[in-house]
Amino acid sequence: MNHPKLQRIGNSETFLLNLGPQHPATHGVLRLKLTMDGEYILRAEPVMGYIHRMHEKMGENRTYAQFLPNTSRMDYLAAMHYTHAFVLLVEKALKIEVPERAEYIRIITSELNRISSHLVWFGAYVLDLGGFTPLLYAFDDREKILDLLEAITGSRLTYCYYRFGGVANDVDEDFLQGTREFVKMFYGRLKLYKRLVTDNIILRKRLEGIGPISAEMCRKYGATGAVLRGSGVAYDLRKVEPYSLYPQFQFDVPVSNLTDCKGRYLVRMLEMEQSLRIIEQAVQKIPAGPILPAKLPRTIKLPPGDYLSAVEAARGRHAVRVISDGKEIPYRVKLRSPCFSNLSLYQEASQGLMLPDALALLGSLDLVIPDIDR
Amino acid sequence: MKILEDLMTRLAQLRDSQAEPATEAGTPPENAAWPSETQWKTCDFSVKGYHFDIFVPPRLVREAARMLDEKEFSLDAVTGVDWIAEKQFEVIYDFFHFLSLVRVAVRTRIPRDRPEIPSLAGIYPGADWHERETHDFFGIRFVDHPNLIPILLPEDATYHPLRKDFSYRPELNHEADLVRPELRPSPCAASEGTSAEASAIS
């Protein structure tokens, strides 16, 4: 009870408010038990498990290839990244070479998925704060991305497109031309969002100074992604622990020293622009060639031991750890969820906030509850 | 990598300063493969995904975590593994460094019939939730954990799904196969006196 804002709350009665599992602002089935004093929150306890499907147990009775669809179901908004982590793990362990064209396709689709995930975050976040209009604008742009990705993968949301060693289908000129047009259009849209939403005085009043999270708190809780970059630490796995062909592309990592909700908001908006830069370069340089290596092992069996691989998902650092005992079925699959670590700091960060500010903080963490619950 | 070299030096000091004391019961651990000393090795990052692999006995887990905390590492995940053939649980703590690319995995083994390990919640608050999840899935008790209740399973769950002998028939899953656990040597008895009291009370 030594939070500065709580000093002026006297010994009045507290009550328990249940921000129940069904709530439009919790972005999934998350229950928050709020101990409130008037409109101030004394304690916010997240209760999870409403969409726990036990993917880690499913990893123990499926082969590696059979587990691929599971990886998309965890964070369905940024499914490409999660499949990428798993596929990367097997490729690193078995030293499978991925053809260059497949790497370019992976990067283009990953960054398109990152933009579509951030668009959902953007629309839903501003909706939580009371702005109903940007949601449909964001979803309109997202439809264009989904159309592009549906043409090559067959799915709109839970893609299972990457295979061990490459990708499942090749992309054609229609897709590349559509991507070029989208990039051109979206630069203009980002300017529109800046004028309409980011510089809007109402949004600025709702976000500035709300919910500061220090870099030390992020480190103690293991928070990554935009939460960490919004607190001043330039930690992006694409730069720090580069995978795939990211070292060949030029892009910046947006970092904000603001540490409040506005900082995290700005980081994600700027990330969308950087993703566009990567897509532009990739579409320009994509080579012709095969999309799967010529020779793949017939059955995927990892040598005994444990392996770790991590990617920069849209929400943070997603890591997969597979412990293998030499058989076709992994012995243990551990999925490290970025939202799990990001949410764990909510209890400490939301002390003393008013209820609307606490919801602003929750939205700025960009949570997808099925990712937390797995 | 200077950070790794510093870490290795301090781990050598840790190993030399804390020799394994005799267990209270005087009997050797059931499984001869139960490790009692700290070992480490460096790994090929491009294959394994982490640089440094440290093996500690359970009572030194907190000390290793404290060292990593001072070196500004962050806790990535806590993984539990059920080695049912060896009758042990393995707990792996993954750490990553914020600013430079160093990944460290700290692993430890505890006996399957008395799965207790000191909790890291005092050093890394983020370990709180990770340990609750590992407790849900395996039944590993984290000593001195502030709030060891189910996080992903229902609040009244008494089963632990990721154990290898978990059955789809609910009547076959029960924790009652721990017969007189207080007579068995606890893996974290040597660290602090409170852990011995806590396990005696339970």
Side-chain angles (χ1 to χ4, degrees), chain A residues 45-54 56-57 60 88-89 92-95 215-224 228 233-235 237 239-243 303 305-310 317 319-323 325 331-337 340-341 343-345 347-348 372-374, chain B residues 43-51 53 69 72-85 90 92 94-105 107 120-121 123-130 132-134 136-138 147 149-155 157 161-164 166:
Chain A
E45 186 190 331
V47 177
M48 294 160 300
Y50 291 92
I51 190 166
H52 176 61
R53 297 149 292 170
M54 202 90 213
E56 299 185 2
K57 186 79 176 178
E60 292 181 14
L88 211 57
L89 186 146
K92 278 201 307 202
L94 295 178
K95 298 195 177 34
E216 181 63 18
M217 198 197 281
C218 286
R219 183 182 76 83
K220 288 282 192 177
Y221 283 91
T224 51
L228 183 56
V233 180
Y235 183 81
L237 272 152
K239 293 276 193 191
V240 171
E241 190 183 335
Y243 54 97
D306 58 324
Y307 305 88
L308 183 67
S309 97
R317 175 185 152 91
V320 181
R321 179 180 260 282
V322 166
I323 296 171
D325 56 353
Y331 193 80
R332 168 90 165 98
V333 176
K334 162 78 181 176
L335 306 156
R336 191 261 183 193
S337 146
F340 190 80
S341 307
L343 184 59
S344 58
L345 51 74
Q347 192 158 346
E348 192 179 323
I372 301 181
D373 285 356
R374 275 156 288 143
Chain B
C43 312
D44 182 6
F45 178 74
S46 62
V47 171
K48 297 278 244 171
Y50 51 97
H51 295 98
D53 192 346
D69 185 29
E72 312 236 332
F73 277 78
S74 178
L75 180 65
D76 196 16
V78 176
T79 311
V81 189
D82 183 9
W83 295 109
I84 191 167
E90 182 176 0
I92 308 175
D94 281 305
F95 291 90
F96 67 98
H97 195 269
F98 257 13
L99 302 166
S100 42
L101 174 56
V102 184
R103 311 249 173 262
V104 174
R107 55 181 80 228
L120 294 187
I123 308 169
Y124 281 104
D128 186 327
W129 278 20
H130 284 121
R132 275 171 74 185
E133 182 191 331
T134 316
D136 271 356
F137 291 165
F138 292 96
N147 190 22
I149 56 175
I151 189 171
L152 291 178
L153 296 179
E155 290 95 6
L162 271 184
R163 292 191 173 190
K164 293 289 180 184
F166 177 73

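Per chain, numbering begins at 1; letters A, B, ... match sequence-line order.
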**Study point:** Salt bridge present between A:Glu348 and A:Lys220 (N-O < 4.0 angstrom)
**Key:** no

Under-4.0 Å salt bridge between A:Arg336 and B:Asp94: no

Classify the angle between the aromatic ring planes of B:Phe73 and B:His97 as parallel (below 30°), tilted (30 to 60°) or perpendicular (above 60°).
perpendicular

Applying a strict 4.5 Å limit to non-hydrogen atoms, the region of A:Ala215 in contact with chain B is backbone

Looking only at A:Leu343, A:Thr224, A:Val322, A:Leu94, the option with the highest number of non-hydrogen pairs under 4.5 Å against chain B is A:Leu343

Cut-off 4.5 Å, heavy atoms of chain B, and the answer for A:Ser309 is neither

Okay, A:Glu216 and chain B: the region with an atom under 4.5 Å from a heavy atom over there is neither

Note: A:Tyr50 and A:Asp373 closest approach over all heavy atoms is N-OD2, 3.3 Å

Most heavy-atom pairs under 4.5 Å with chain A, out of B:Asp136, B:Asp82, B:Asp128, belong to B:Asp82

Cut-off 4.5 Å, heavy atoms of chain A, and the answer for B:Glu90 is neither

Looking only at A:Arg219, A:Lys92, A:Lys334, most heavy-atom pairs under 4.5 Å shared with chain B are made by A:Arg219

Bottom line for B:Ile151: the part with an atom under 4.5 Å from chain A's heavy atoms is both

One option among A:Leu88, A:Ile51, A:Leu237, A:Val240 has the most heavy-atom pairs under 4.5 Å with chain B, and it is A:Val240

- Query: How about A:His52 and B:Phe137: are their ring centres within less than 6.0 Å of each other?
  - Reply: yes

Okay, A:Arg332 and chain B: the region with an atom under 4.5 Å from a heavy atom over there is side chain

Scanning both residues in full, the closest heavy-atom pair of A:Tyr331 with A:Asp325 reads CD1-OD2, 3.4 Å

Hey, is B:Arg107 close enough to A:Asp306 for a salt bridge, meaning N to O under 4.0 Å? yes

